[in-house]
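Atoms within each ligand, like the ligands themselves, are counted from 1 in listed order.
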Amino acid sequence: MLTRRILPKLNLVKSSIFKRSIMSIILNPTGQAMPQVGFGLWKVPQETCAETVYNAIKSGYRLFDGAQDYGNEKEAGDGIRKAIADGLVKREELFITSKLWNAFHSKEHVLEMTKKSLADWGLDYFDLWLIHFPIAQKYVDPATRYPPNLLYDVDAGTMEFEDVPISETWAEMEKAVELGYAKNIGISNFAGALIIDLLRYAKIKPSVLQIEHHPYLTQPQIVALAKQRGIAITAYSSFGPQSFLELNHPGAQKVGLLLSSDMITSIASAHGKTPAQVLLRWATQRGLAVIPKSNSQTRLAENLNHLDFDLTEEELAQISGLDCGMRFNDPADWPGQIYIFA
Ligand SMILES: NC(=O)c1ccc[n+]([C@@H]2O[C@H](COP(=O)([O-])OP(=O)(O)OC[C@H]3O[C@@H](n4cnc5c(N)ncnc54)[C@H](OP(=O)(O)O)[C@@H]3O)[C@@H](O)[C@H]2O)c1
């Protein structure tokens with residue numbers, strides 16, 4: 001049975017660390033401020049990534065959410081370096097997150113691949129380093145294929161797994177903190193039971209849990225668990241199916257789009273805001289961080305600037321009522337995959 005302890009609080013503050021005054025979440029256990037709104041780098045093309053990151057910094061973004069799997073860490077780093085060289089920001093005014101890929105979970109690979117990611121970004125440290133999925137997959141030598149892809153054999157459509165428990169990977173993540181490679185460490189796509197287990201043995205508790213979270217998938221139990229354990233939540237895919245349409249995800253093609261739903265558009269017009277701003281405010285007003293992605297300069301600015309209004313309690317509840325347990329990003333449920341266990 002889970003013992004109750006006095007738990008660290010999660011504080012939402014206006015922090016001036018990031019030059020501009022930015023709503024931030026104070027992370028446990030470090031006390032570092034994490035901007036509540038950041039920019040997500042998944043599906044930002046390599047060709048435009050440096051410019052997009054530079055322009056996002058110009059617009060006021062201070063948090064960037066990357067991953068080994070996104071294949072654009074070098075280009076994101078180029079954008080950051082240019083912004084620093086041009087005097088737009090200093091490194092310490094930025095909050096950089098990246099994620100360890102599934103193929104690198106074993107103790108032989110975690111630190112080596114942390115250093116590779118840092119070198120790709122051109123950084124000395126990450127503000128936040130996450131385990132991308134609680135799934136250990138067969139190692140792929142980066143010299144052969146990088147990023148490795150979810151599929152081990154892409155032509156055959158097969159996934160292969162490795163016998164590496166999360167405890168082994170987490171111990172290496174903790175070493176990354178001790179060695180100064182990461183200020184905070186965290187997890188992504190972990191279910192509640194796995195989090196409870198991790199908290200039993202973790203010497204350094206996870207600062208952040210990043211999960212799919214939008215009105216079609218509100219996950220109230222895991223949100224409550226994280227809150228109770230002092231773990232900040234970052235919501236990804238805040239616009240629900242929007243991001244998955246271009247991947248021909250069958251679920252995304254079946255459900256209605258949130259951005260054009262009657263409920264969201266009418267709440268948006270009542271506040272003189274856009275549907276995207278309503279969806280983001282629904283999350284941030286409830287204390288979550290968000291990391292919307294956009295390849296458009298206009299939309300990325302629109303997404304950042306959504307904290308200047310409040311939804312009513314009724315509107316928050318109405319939007320939460322759209323929940324239908326619709327998960328789009330489930331590696332175990334992408335059609336056409338064959339699983340092979342080590
Ligand atoms: N940990 C994980 O496993 C995981 C999984 C998925 C995502 N993430 C992170 O979360 C970030 C965000 O999630 P996401 O990229 O899946 O989806 P998202 O931010 O919910 O949606 C992106 C989609 O919405 C469109 N869009 C953006 N702003 C808009 C606006 N204001 N109005 C209308 N459309 C708009 C984008 O098109 P345009 O680009 O054309 O504007 C794109 O098609 C990712 O980039 C990544 O950093 C993490």
Q: Verify, without hydrogens or angle tests, whether Ser117 (side chain) and Thr114 (backbone) share a donor-acceptor contact under 3.5 angstrom.
A: no
**Q.** For atom 3 (O) of ligand 1, the protein heavy atom that lies nearest, with its residue and separation
**A.** Asn189 ND2, 2.9 Å
Q) Would Lys99 and Ser188 count as having a side-chain donor-acceptor pair, cut-off 3.5 Å? A) no
Q: Could you tell me the residue and atom name of the protein heavy atom closest to atom 7 (C) of ligand 1, and the distance to it rounded to 0.1 Å?
A: Tyr236 CD1, 3.4 Å
Q) Heavy atom under 4.0 Å from ligand 1: found in Ser188's side chain, backbone, both, or neither? A) side chain
Q: For ligand 1, indicate whether the residue Leu41 contacts it via side chain, backbone, both or neither (heavy-atom separation under 4.0 Å).
A: backbone
Q: Consider every N or O of Ser296 and every N or O of ligand 1, then say whether any pair is closer than 3.5 Å.
A: no
(Q) Suppose we measure from atom 12 (C) of ligand 1 to each protein heavy atom; which comes out shortest, and what is that distance? (A) Ile291 O, 3.1 Å
Q) Do NZ/NE/NH1/NH2 and the carboxylate oxygens of Lys116 and Asp120 come within less than 4.0 Å? A) yes
Q: Would you check if the side chain of Glu93 reaches a backbone N or O of Arg62 as a donor-acceptor pair within less than 3.5 Å?
A: no
Q: Specify the protein heavy atom at minimum distance from atom 32 (N) of ligand 1: its residue, its atom name, and the distance to 0.1 Å.
A: Arg299 CD, 3.5 Å
Q.
Considering non-hydrogen atoms of the protein only, which is the closest contact for atom 14 (P) of ligand 1, and what is the distance?
A. Ser243 OG, 3.4 Å
**Q.** Which segment of Leu259 sits under 4.0 Å of ligand 1 when only heavy atoms are counted
**A.** side chain
Q.
Tell me the contacting part of Lys43 for ligand 1: side chain, backbone, both, or neither, using a 4.0 Å heavy-atom threshold, strictly below.
A. neither
Q) For atom 46 (C) of ligand 1, which protein heavy atom lies nearest, and how many Å away is it? A) Tyr70 OH, 3.4 Å
Q.
Heavy-atom pairs closer than 4.0 Å: do any link ligand 1 to the side chain of Lys99, the backbone, both, or neither?
A. side chain
**Q.** For Asn329, the ligand 1 atoms whose distance to one of its heavy atoms is below 4.0 Å
**A.** 3 (O), 5 (C)
(Q) Closer than 4.0 Å to some heavy atom of Gln210 - which atoms of ligand 1 meet that? (A) 1 (N), 2 (C), 4 (C), 8 (N), 9 (C), 48 (C)
Q: Scan side-chain atoms only and decide if Ser106 and Glu162 contain a donor-acceptor pair under the 3.5 Å cut-off.
A: no
Q: Using only heavy-atom distances, determine whether the side chains of Glu212 and Ser237 contain a donor-acceptor pair under 3.5 Å.
A: no
**Q.** Main-chain N/O of Ile22 paired to Ser24 side chain as donor or acceptor, under 3.5 Å
**A.** yes
**Q.** Sub-4.0 Å atoms of ligand 1 with respect to non-hydrogen atoms of Gly40
**A.** 11 (C), 44 (C), 45 (O), 47 (O)
Q. Using the ring of each side chain (for Trp, its six-membered ring), is Phe64 parallel, tilted or perpendicular to Tyr61, with breaks at 30° and 60°?
A. tilted
Q. Does the Gln285 side chain pair with the main chain of Leu311, one donor and one acceptor, at a distance under 3.5 Å?
A. yes
Q | Ligand-side contact atoms (ligand 1) for residue partner Ala276, heavy atom cut-off under 4.0 Å | A | 30 (C), 31 (N), 32 (N)
Q: Return yes if a side-chain donor-acceptor contact under 3.5 Å exists between Trp282 and Ser238, otherwise no.
A: no
Q | Which of the ligand 1 atoms, numbered from 1, are nearer than 4.0 Å to a heavy atom of Ser294 | A | 27 (C), 28 (N), 38 (P), 39 (O), 41 (O)
Q) Between the side chains of Thr158 and Asp153, does any donor sit under 3.5 Å from an acceptor? A) no
Q. Parallel, tilted or perpendicular: which describes the rings of His109 and Tyr139, with under 30° parallel and over 60° perpendicular?
A. parallel
Q) For atom 37 (O) of ligand 1, which candidate among Glu212, Gln242, Lys293 holds the nearest heavy atom? A) Lys293
Q: For atom 43 (O) of ligand 1, find the nearest protein heavy atom and state the residue, atom name and distance (0.1 Å precision).
A: Glu246 OE1, 3.6 Å
Q) Of the backbone atoms (N, CA, C, O) and the side-chain heavy atoms from C-beta on, which set of Asn295 has a member under 4.0 Å from an atom of ligand 1: side chain, backbone, both, or neither? A) both
Q) Counting from 1, what ligand 1 atoms have a heavy atom of Phe133 closer than 4.0 Å? A) 3 (O)
Q) Of all the atoms in ligand 1, which lie at a distance below 4.0 Å from a heavy atom belonging to His132? A) 1 (N), 2 (C), 3 (O)
Q: Scan side-chain atoms only and decide if Gln277 and His271 contain a donor-acceptor pair under the 3.5 Å cut-off.
A: no
Q | Enumerated ligand 1 atoms positioned under 4.0 Å from heavy atoms of Asp65 | A | 9 (C), 46 (C), 47 (O)
(Q) Assess, by modelled atom type and distance only, whether the side chains of Asn189 and Tyr236 contain a donor and an acceptor separated by less than 3.5 Å. (A) yes
Q) At under 4.0 Å between heavy atoms, which part of Leu300 makes contact with ligand 1: side chain, backbone, both or neither? A) neither
Q) What part of Ser237 sits under 4.0 Å from ligand 1 if we count only heavy atoms: the side chain, the backbone, both or neither? A) both
Q.
Taking Arg299 first and then Glu302, would you say they form a salt bridge - that is, a charged N and a carboxylate O separated by under 4.0 Å?
A. no
Q | Nearest-contact summary for atom 18 (P) of ligand 1 - protein heavy atom, Å | A | Phe239 CD1, 3.8 Å
